[in-house]
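Reading through the structure tokens given below for one structure.
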Amino acid sequence: MAGLWADRLGMAGVGADDDFFELGGDSLLAVRIIEELRREYGVEVSPLEFYLDPTPAGLAGAVEKGRAAV
């Protein structure tokens, strides 16, 4: 997740606990990332889940939770 964020935000590196919005991310980019995760991992991550824990670690947890539900 951190690599995906770094790529989309145009940064050299992102840590597991870095906040997406504090790094300059916005809601449109968040929705694009959510859609990319749906295509790549086949899971639905809600925007609310993303906004409640906007870190790579939090998003990875949401993806794992989605995979377990499938």
Distance-only criterion, 3.5 Å: show the donor-acceptor pairs between side-chain atoms of residues 1-9 and protein atoms not counting sequence neighbours.
| from | atom 1 | to | atom 2 | distance (Å) |
| --- | --- | --- | --- | --- |
| Arg8 | NE | Glu36 | OE1 | 3.1 |
| Arg8 | NH2 | Glu36 | OE1 | 3.2 |
| Arg8 | NH2 | Glu36 | OE2 | 2.5 |

What one should report as the nearest heavy-atom pair of Asp18 and Pro56 is O-CD, 3.3 Å
For residues 39-56, the salt bridge (Lys or Arg N to Asp or Glu O under 4.0 Å) pairs (sequence neighbours left out) are Glu35-Arg39, Glu49-Lys65
Residues at least two apart in sequence or cross-chain that pass side chain to side chain donor-acceptor pair (under 3.5 Å) with Asp19, listed by chain then number, are none
Taking C-beta and beyond as the side chain, do Phe20 and Leu59 meet within less than 4.5 Å on heavy atoms? no
Nearest heavy-atom approach of Pro47 to Ile34 is CA-CD1, 3.7 Å
With sequence neighbours left out, the residues meeting side-chain contact (heavy atoms from CB on, under 4.5 Å) with Leu48 are Ser46, Leu52
Residues passing the ring pair (Phe, Tyr, Trp, His ring centres under 6.0 Å) test with Tyr51, sequence neighbours excluded, are Phe21
Per-pair distances, 0.1 Å, donor-acceptor, side chain in residues 23-32, under 3.5 Å, sequence neighbours excluded:
| from | atom 1 | to | atom 2 | distance (Å) |
| --- | --- | --- | --- | --- |
| Asp26 | OD1 | Leu28 | N | 3.2 |
| Asp26 | OD1 | Leu29 | N | 2.8 |

